[in-house]
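The basis for the numbers below is simple: all heavy atoms, side chains too, and nothing from hydrogens, waters or symmetry mates. Bear in mind the structure is a predicted one, so any value in this text is a computation, not a measurement.
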Amino acid sequence: MNATDYFSANSYLFLPTANNPRVALAVDNAEMAKNAFKLYNPFSSKAQMLKKVSATAFTHFNEVAKHVWNVQQKEKSGFVTYLEEKLKTPLVASLYFATIHDKIVLQLQTPQAQIVGYVKYPLNEVGLQHLKNEKRAIEILSKKQIVSEYFLYDEFEGTPFLLLEALDGDIGEVERSIVDDILSKFKREATFKLLEHPRVNGIKKSLECNGLSKYLSLVEKVCKDSTAEYGLVYEHGDFTPWNIVKVEDKYTSFDFEHFVEEGIEYFDLIKYYYQTGKLLEKKSGEELLNYISEQVEAKEIKALLTLFVIKEIIRNKEENEPYDFEEKMLSSFRT
């Protein structure tokens, strides 16, 4: 399937460019456009400014904006027709194209600008594994009343997809106390030393399966030198500012594609500051490692950071993404 397989019969704005879009937003009228722009949450200052300017134009001067910007009219796809029949309501779809090209996310709203939910549709095997993992995560966490259940799990032309609830709120960085409160809900009772921790055993297996056995000796050394015990947790796996939303007065995390049922404490907290420091504050190497160490304040932070960076290398290898940055991080930390 290509992008034309997901459109509804609407006028679309492609951002940041039509040739290399991250989103295709339905902008037929101001209210529809206001909802559609919620799908676009860039982290670079340049892209944020583009969103601010274009969102203002399409929500306040919609008819003029549609003549100034390169807006394209699209026909309704078979997939949207299927969703309309399934949900028994007319739908307007805005599209988000994932950075690693593993999936498309559709924001569904009615022609009256009521958001119905968000569909995740995998494009390849990586996307399919992410979808299955998120489905499993939601099933586990919803039973614990940590997250809401998904609305629908179905197939279209042999490919499964998920329809998730609409979390209509503010996305972005939050105070440390809020981060800690969210993560406290993922805690479990058991604790293990690193040598025996299920998460570390999983990392070892993943290294072997992905042709990264050269890191096994480092993992073994880190574990043998460690004396502390670490809690078993439900690990979000991609715990970042852009995966936290404030709905009314409640904060919740979403996007559980990298969920780990037998996770280790601190990995999610490290991930939050790793991504904040790397992508928002443009830190790298020793500067980034020092920044994370100051924020996390764990007794064996060097051991945890070593395992964390190795875990990131595995993730990038599995997703066919480069991991030069992570290898340099690991080297700078070991020197």
* Asked: Is it true that Glu248 and Lys250 have a side-chain N and a carboxylate O under 4.0 angstrom from each other?
  -> no
* **Selection residues 37-49 - residue pairs positive for salt bridge (Lys or Arg N to Asp or Glu O under 4.0 Å), sequence neighbours left out** => Lys38-Asp168
* According to the interplanar angle, ranging from 0 to 90°, do the rings of Tyr12 and Phe14 count as parallel (below 30°), tilted (30 to 60°) or perpendicular (above 60°)? -> tilted
* Any donor and acceptor pair, going by atom type alone, linking the side chain of Glu257 with main-chain N or O of Glu134 inside 3.5 Å? -> no
* Answer yes or no on whether Lys144 is positioned over the face of Tyr234, meaning its NZ or CZ is under 6.0 Å from the six-membered ring centre and within 45° of the axis. => no
* To do: Determine whether the aromatic ring centres of Tyr230 and Phe192 lie less than 6.0 Å apart.
  => no
* Asked: Salt bridge between Glu265 and Arg188, side-chain N to carboxylate O under 4.0 Å?
  -> no
* Evaluate the side-chain contact (heavy atoms from CB on, under 4.5 Å) criterion for residues Phe37 and Leu25: first the C-alpha distance (whole Å), next the side-chain angles of each, then the deciding distance (0.1 Å), finally the verdict. => CA-CA 7 Å; Phe37 271 95; Leu25 307 177; 3.7 Å; yes
* Do you know which of Lys328, Lys317, Lys271 makes salt bridge (charged side-chain N to carboxylate O under 4.0 Å, His left out) with Glu312? -> Lys271
* **Side chain Gln48, main chain Pro42, donor-acceptor under 3.5 Å** => yes
* Would you confirm whether Arg176, through its side chain, and Gln295, through its main-chain N or O, come within 3.5 Å as a donor-acceptor pair? => yes
* State whether the side chain of Asn210 and the backbone N or O of Leu212 hold a donor-acceptor pair below 3.5 Å, judged by distance alone. => no
* Out of Phe151, Phe156, Phe79, which one pairs with Phe161 under the ring-ring contact (aromatic ring centres under 6.0 Å, His included) rule? -> Phe79
* Asked: Side-chain donor-acceptor pair under 3.5 Å between Glu229 and Thr191, yes or no?
  -> yes
* To do: Would you confirm whether the ring centroid of His258 sits within less than 6.0 angstrom of the ring centroid of His236?
  => no
* Asked: Below 4.0 angstrom, N of the basic side chain to O of the carboxylate: do Arg315 and Asp238 qualify?
  -> yes
* Checking side chain to side chain donor-acceptor pair (under 3.5 Å) against Glu139, which of Lys135, Lys143, Arg136 comes through? -> Lys135
Which pairs of donor and acceptor atoms, one on a side chain in residues 84-91, lie under 3.5 Å apart (sequence neighbours left out)?
| unit_1 | atom_1 | unit_2 | atom_2 | d |
| --- | --- | --- | --- | --- |
| Glu84 | OE1 | Lys76 | NZ | 2.9 |
| Glu84 | OE2 | Leu91 | N | 2.9 |
| Lys86 | NZ | Asp154 | OD2 | 3.4 |

* Sidechain-backbone polar pair: Glu149 side chain, Ser142 backbone, donor-acceptor under 3.5 Å -> no
* Asked: Is the distance between the ring centroids of Tyr40 and Tyr96 less than 6.0 Å?
  -> no
